[in-house]
Asks: 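Here it is, the structure in full.
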Amino acid sequence: MSSSSKQRWDALKPLLRLEGSGSRDFLHGQTSADLLAAETGSLLRCCWLTATGRVRALLEIRLDERGADVLVLAGDHNAVATGFEQVIFPADQVRLKPSKPIRRLQILAQLKQEQTPEVTWLLPDEPLPKHWAAMQQASADQIESWRLKQGLPLEPGEINGDTNPFELGLTAWVSLSKGCYLGQETLAKLANSGGIKQQLRYWQANRPIAVGQKLINLEPEAGVNNRAGVITSVMQDQDSRGSYGLALVRRKALTEAELCLAEDSTRVRLSIPTGFVTPPMSD
């Protein structure tokens with residue numbers, strides 16, 4: 001495919017700067033990436049987790065000789081900065097500088113499983129390289145439609161400190177071979193037991209649906225808790241007047257091709273997002 005036929009996701013994102021000889025070790029302990037094995041200059045995708053392994057932010061990290069740059073792709077960058085500041089000690093040999101905007105470019109390609117996207121960072125006033133300038137800049141609607149079909153969890157319904165990486169299809173964002181990092185104990189237990197309670201799914205419906213609406217089985221049993229999931233992201237389909245998006249679906253309903261809204265039995269068709277990576281040890 002030629003560059004002229006590709007689309008680019010072009011957006012300003014907050015960038016945190018860590019300086020000091022201890023930056024690699026500090027980020028290794030604070031994120032789900034194996035920073036000790038990372039090559040200087042390479043771009044790493046990872047999660048910033050709670051102590052119980054829930055995702056608070058999605059990060060991209062690039063190490064250099066003097067420290068590291070941390071781009072906050074999803075989540076509250078101020079919370080990330082505050083969280084880092086609270087656990088930086090003089091012995092860490094790390095200094096966190098104020099955040100600044102960085103221009104992030106990504107090709108909108110349909111990635112499968114653990115494929116890594118083509119991404120680059122530029123200063124806000126830096127001219128576009130020829131390779132990127134030849135691409136069409138995707139609109140906000142085009143980016144959102146791609147995100148939903150890909151299953152990239154970026155919205156508060158997905159990144160809110162209540163979900164773990166395996167539920168969100170972010171297994172590739174977690175190093176299962178490294179030790180001693182925030183949230184490691186919980187993720188190790190989940191990886192070894194396969195005890196994932198829910199997973200992210202792509203859905204489609206023939207009418208508009210709102211974030212937060214509950215899903216149940218098509219044939220609910222009387223007197224039984226039939227909660228099967230919740231809508232986390234929505235986009236309206238202007239052509240069909242329907243809608244589509246992402247939902248967190250409970251384990252017991254993952255084999256269902258359809259669920260329905262709890263409030264009015266509207267049918268919702270389910271499928272696995274293109275980029276969803278199966279949780280370790282899942283059934």
Asks: Return the OG1 to CG distance between T52 and N164, rounded to the nearest 0.5 Å.
Replies: 9.5 Å
Asks: Please, which pairs that meet salt bridge (Lys or Arg N to Asp or Glu O under 4.0 Å) have at least one residue in residues 167-185, sequence neighbours excluded?
Replies: E185-K189
Asks: The test is side-chain hydrogen bond (donor to acceptor under 3.5 Å, both in side chains); show your working for E155 and S233 and say whether it passes.
Replies: CA-CA 7 Å; E155 290 301 303; S233 287; 5.6 Å; no
Asks: Report the distance from atom CG of N217 to atom CZ of R227, rounding to the nearest 0.5 Å.
Replies: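 Going from CG on N217 over to CZ on R227, the span is 12.5 Å.
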Asks: Would you name the heavy atoms of I209 and Q236 that are closest together and state the gap between them?
Replies: O-NE2, 3.7 Å
Asks: Roughly how far, to the nearest 0.5 Å, is NZ of K100 from CG of L15?
Replies: 6.0 Å
Asks: Could you list the residues that satisfy side chain to side chain contact (heavy atoms under 4.5 Å, CB included) with E258, not counting sequence neighbours?
Replies: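 Testing E258 for side chain to side chain contact (heavy atoms under 4.5 Å, CB included), a comparison that skips the adjacent residues, returns L218, R267, R269.
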Asks: Are Q198 and V249 packed together at the side-chain level, in the sense that at least one heavy-atom pair is separated by less than 4.5 angstrom?
Replies: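 Side chain of Q198 against side chain of V249, heavy atoms only: no contact under 4.5 Å found.
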Asks: When you group the ILVMFWY residues by side-chain heavy-atom contacts below 4.5 Å and let the links chain together, are L152 and M235 in the same group?
Replies: yes
Asks: Would you confirm whether T31, through its side chain, and H28, through its main-chain N or O, come within 3.5 Å as a donor-acceptor pair?
Replies: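 Such a contact is absent between T31 side chain and H28 backbone.
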Asks: Hey, mind stepping through L59 and V72 against side chain to side chain contact (heavy atoms under 4.5 Å, CB included) and telling me if it holds?
Replies: CA-CA 5 Å; L59 310 176; V72 182; 4.0 Å; yes
Asks: Under the salt bridge (Lys or Arg N to Asp or Glu O under 4.0 Å) definition, can you give me all pairs with a residue in residues 22-38, not counting sequence neighbours?
Replies: none
Asks: T255: what forms a side-chain hydrogen bond (donor to acceptor under 3.5 Å, both in side chains) with it, not counting sequence neighbours?
Replies: none
Asks: Would you name the heavy atoms of G53 and L187 that are closest together and state the gap between them?
Replies: O-CD2, 3.8 Å
Asks: Sequence neighbours left out, what passes ring pair (Phe, Tyr, Trp, His ring centres under 6.0 Å) with Y181? Give chain and number order.
Replies: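 Partners of Y181 under the ring pair (Phe, Tyr, Trp, His ring centres under 6.0 Å) test: none.
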Asks: Over all heavy atoms of both residues, which pair between A247 and T232 is shortest? Give the atoms and the distance, please.
Replies: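 Closest pair (atom of A247, atom of T232, distance): N-OG1, 3.7 Å.
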Asks: Nearest 0.5 Å, please: how far is CG in L108 from CD in Q136?
Replies: 10.0 Å
Asks: Checking R8 now: which residues fulfil side chain to side chain contact (heavy atoms under 4.5 Å, CB included) with it, not counting sequence neighbours?
Replies: D10, R103, L105, L128, W132, M135, Q137
Asks: Quick one, L58 with C47, criterion side chain to side chain contact (heavy atoms under 4.5 Å, CB included). Give me CA distance, side-chain angles, the key distance, then yes/no.
Replies: CA-CA 5 Å; L58 299 185; C47 304; 4.0 Å; yes
Asks: Which pairs with one or both residues in residues 133-178 pass ring pair (Phe, Tyr, Trp, His ring centres under 6.0 Å), sequence neighbours excluded?
Replies: W9-W146
Asks: Is there a path of hydrophobic side-chain contacts, each under 4.5 Å between heavy atoms, that joins Y202 and I196?
Replies: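 Hydrophobic grouping puts Y202 with I196.
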Asks: Indicate the atoms forming the closest heavy-atom contact of C46 with A33, along with that distance.
Replies: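 So the minimum-distance heavy-atom pair works out to CB-CB, 3.5 Å.
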Asks: Same cluster or not: are L49 and L170 linked, directly or through other Ile, Leu, Val, Met, Phe, Trp or Tyr residues, by side-chain heavy atoms under 4.5 angstrom apart?
Replies: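 Shared cluster, yes.
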Asks: Decide yes or no on side chain to side chain contact (heavy atoms under 4.5 Å, CB included) for L71 and R104, but give the supporting numbers first.
Replies: CA-CA 9 Å; L71 182 148; R104 180 184 183 275; 3.9 Å; yes
Asks: May I ask you to decide if K197's main-chain N or O and R251's side chain share a donor-acceptor pair within less than 3.5 Å?
Replies: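 Here the side-chain-to-backbone pair does not exist.
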Asks: Got a donor-acceptor contact below 3.5 angstrom from the S99 side chain to the P14 backbone?
Replies: no
Asks: Can you list the steps and then say if L254 with R201 is a side chain to side chain contact (heavy atoms under 4.5 Å, CB included)?
Replies: CA-CA 9 Å; L254 288 174; R201 288 294 182 265; 3.7 Å; yes
Asks: Between Q150 and R147, is there a donor-acceptor pair closer than 3.5 Å when you use the side chain of the first and the backbone of the second?
Replies: no
Asks: To the nearest 0.5 angstrom, please state how far the CD1 atom of I102 sits from the CG atom of L12.
Replies: 9.0 Å
Asks: Looking at Q30 and F26, would you say the former's side chain and the latter's main chain have a donor-acceptor pair under 3.5 Å?
Replies: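 Side chain of Q30 to backbone of F26: no pair is present.
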Asks: Can you hop from L200 to V268 via hydrophobic side chains spaced under 4.5 Å?
Replies: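 No, separate clusters.
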Asks: Within a strict 4.5 Å, meaning less than it, do heavy atoms of the I61 and L43 side chains meet?
Replies: no
Asks: Apply salt bridge (Lys or Arg N to Asp or Glu O under 4.0 Å) to the pair R95 and E19, showing each step before the final yes or no.
Replies: CA-CA 5 Å; R95 181 166 62 94; E19 291 197 341; 3.3 Å; yes
Asks: Could you state the interatomic distance from OG (S32) to CG (L182), rounded to the nearest 0.5 Å?
Replies: 10.0 Å
Asks: Looking at L36, I want to see if its CG is surrounded by more than 12 non-hydrogen atoms of other residues, nucleotides or ligands under 6.0 Å.
Replies: yes
Asks: Do L168 and L248 make a side-chain contact, defined as non-hydrogen atoms from C-beta onward lying under 4.5 Å apart?
Replies: yes
Asks: Is it the case that S145 and Y244 place a side-chain donor and acceptor less than 3.5 Å from each other?
Replies: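 A pair is found: one side chain offers a donor N or O, the other an acceptor, under 3.5 Å apart.
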Asks: Can you name the nearest heavy-atom pair linking V234 to L148, along with the distance?
Replies: C-CD1, 4.5 Å
Asks: Please list, chain by chain and in numerical order, all residues satisfying side chain to side chain contact (heavy atoms under 4.5 Å, CB included) with A81, sequence neighbours excluded.
Replies: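 Here the qualifying residues are L16, L96.
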Asks: Is any side-chain heavy atom of E144 closer than 4.5 Å to one of D141?
Replies: no
Asks: Applying salt bridge (Lys or Arg N to Asp or Glu O under 4.0 Å) as the test, list every pair that has at least one member in residues 229-241; sequence neighbours left out.
Replies: none
Asks: Provide the full list of side chain to side chain donor-acceptor pair (under 3.5 Å) pairs with a residue in residues 204-213, sequence neighbours left out, each pair given once.
Replies: R207-D264, R207-T266, Q213-E263
Asks: Of all the heavy-atom pairs spanning A57 and V80, show the shortest one and how long it is.
Replies: CB-CG2, 3.7 Å
Asks: Does one side chain, of Q93 or S21, offer a donor that lies under 3.5 Å from an acceptor on the other?
Replies: yes
Asks: Surrounding CD of E39 (heavy atoms of other residues, nucleotides or ligands, distance under 6.0 Å), is the total greater than 12?
Replies: no
Asks: So which pairs with a foot in residues 66-82 pass side chain to side chain donor-acceptor pair (under 3.5 Å), sequence neighbours left out?
Replies: R17-D69
Asks: With sequence neighbours excluded, tell me which residues meet side-chain hydrogen bond (donor to acceptor under 3.5 Å, both in side chains) with S177.
Replies: S175
Asks: Can you name the one residue among I159, L154, V119 that meets side chain to side chain contact (heavy atoms under 4.5 Å, CB included) with L73?
Replies: L154
Asks: If hydrophobic clusters are built by linking Ile, Leu, Val, Met, Phe, Trp and Tyr wherever their side-chain heavy atoms come under 4.5 Å apart, do L270 and I216 end up in the same one?
Replies: no
Asks: Under a 3.5 Å distance rule, please check whether R62 uses its side chain to pair with a backbone N or O of G41 as donor and acceptor.
Replies: yes
Asks: Is the F84 ring parallel, tilted or perpendicular to the W48 ring (thresholds 30°, 60°)?
Replies: perpendicular
Asks: State whether the number of non-hydrogen atoms from other residues, nucleotides or ligands found under 6.0 Å of E126 atom CD is greater than 12.
Replies: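 Enclosed: over 12 neighbouring heavy atoms sit under 6.0 Å from CD of E126.
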